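Computed from a predicted structure; not experimentally measured.
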Amino acid sequence: AQKVTQAQTEISVVEKEDVTLDCVYETRDTTYYLFWYKQPPSGELVFLIRRNSFDEQNEISGRYSWNFQKSTSSFNFTITASQVVDSAVYFCALPSLYSGAGSYQLTFGKGTKLSVIP
Amino acid sequence: DAGVTQSPTHLIKTRGQQVTLRCSPKSGHDTVSWYQQALGQGPQFIFQYYEEEERQRGNFPDRFSGHQFPNYSSELNVNALLLGDSALYLCASSLGQGAREQYFGPGTRLTVT
């Protein structure tokens, strides 16, 4: 069964500090994708990134970077020079294929609440 | 480009009542998924609709049902409401049936008293 573990429940950092959010996953699929979403206090989940298990290169987008390590089944997310606007709950998610139907559902971790203090 | 919209924003119902939540997908998307998010938890998958059919279902009882219309919009119906159904209900849309990114709406906050 698919499983996503985000062991950090809450993290607080002071503005401009770097912070890394951990994600560990379990899957029996040989090929798979991983996602990160951000949920600000408004409640709407915002898509951040999708990575294919074929590609283990780090991804960087502005202040955001992702470190995918298949050997340890981890897909960690780092925010550099954090800002107050980064305060949100961050979710890691793993799509699971519904056999025979071609459709996917997302299995989410429990999320990590990040508070950036000015 | 309109994103995913949901209505209503908030809803208060009494135990035993029935509720209908609505979702319009992002322009160009044809697949709608529904999730339930309890306070402090990650979203839990309820079901997914594509081509007006339920394609996949999570671990939710038959009290939860849905529908997709020809314009790809969707409804989530919950019968015989329980206190435990109080949650944020999120609708997500995507294109086709692959493991593509799902775009979420703002959600409907349901409170059952």
Structural part of A:Gln6 lying under 4.5 Å from a heavy atom of chain B: neither

Stepwise side chain to side chain contact (heavy atoms under 4.5 Å, CB included) check, A:Leu106 with B:Gln44: CA-CA 8 Å; A:Leu106 288 176; B:Gln44 297 290 315; over 6 Å; no

Hey, what do you get for [atom1] ([X]) to [atom2] ([Y]), rounding to the nearest 0.5 Å?
X        : Y        : atom1 : atom2 : answer
A:Phe35  : B:Glu101 : CZ    : CD    : 6.0 Å
A:Lys110 : B:Gln41  : NZ    : CD    : 5.0 Å
A:Glu44  : B:Gln6   : CD    : CD    : 8.5 Å

Going only through I, L, V, M, F, W and Y residues with side-chain contacts under 4.5 Å, is there a path from [X] to [Y]?
X        : Y       : answer
A:Leu48  : A:Val4  : yes
B:Val19  : B:Leu83 : yes
B:Tyr103 : B:Leu90 : yes
A:Leu114 : A:Ile49 : yes
A:Trp66  : A:Leu21 : yes

Pairs meeting criterion side-chain hydrogen bond (donor to acceptor under 3.5 Å, both in side chains) with involvement of residues 83-95 of chain B, two or more places apart: B:His29-B:Ser93, B:Gln36-B:Tyr89, B:Arg63-B:Asp85

Check: B:Phe104 main-chain N/O paired with A:Tyr37 side-chain donor or acceptor under 3.5 Å: no

Residues B:Gln37, A:Gln39; criterion side chain to side chain contact (heavy atoms under 4.5 Å, CB included); working and verdict: CA-CA 12 Å; B:Gln37 186 178 20; A:Gln39 188 174 41; 2.8 Å; yes

Over 12 non-hydrogen atoms of neighbours within 6.0 angstrom of NZ in A:Lys70: yes

Which atoms of B:Tyr35 approach chain A - backbone, side chain, both or neither, heavy atom under 4.5 Å: side chain

Minimum heavy-atom distance between A:Gly43 and B:Leu88, given as atom pair plus value: O-CD2, 4.1 Å

Which atom of B:Pro43 lies closest to which atom of A:Phe91, heavy atoms considered: CD-CE2, 4.0 Å

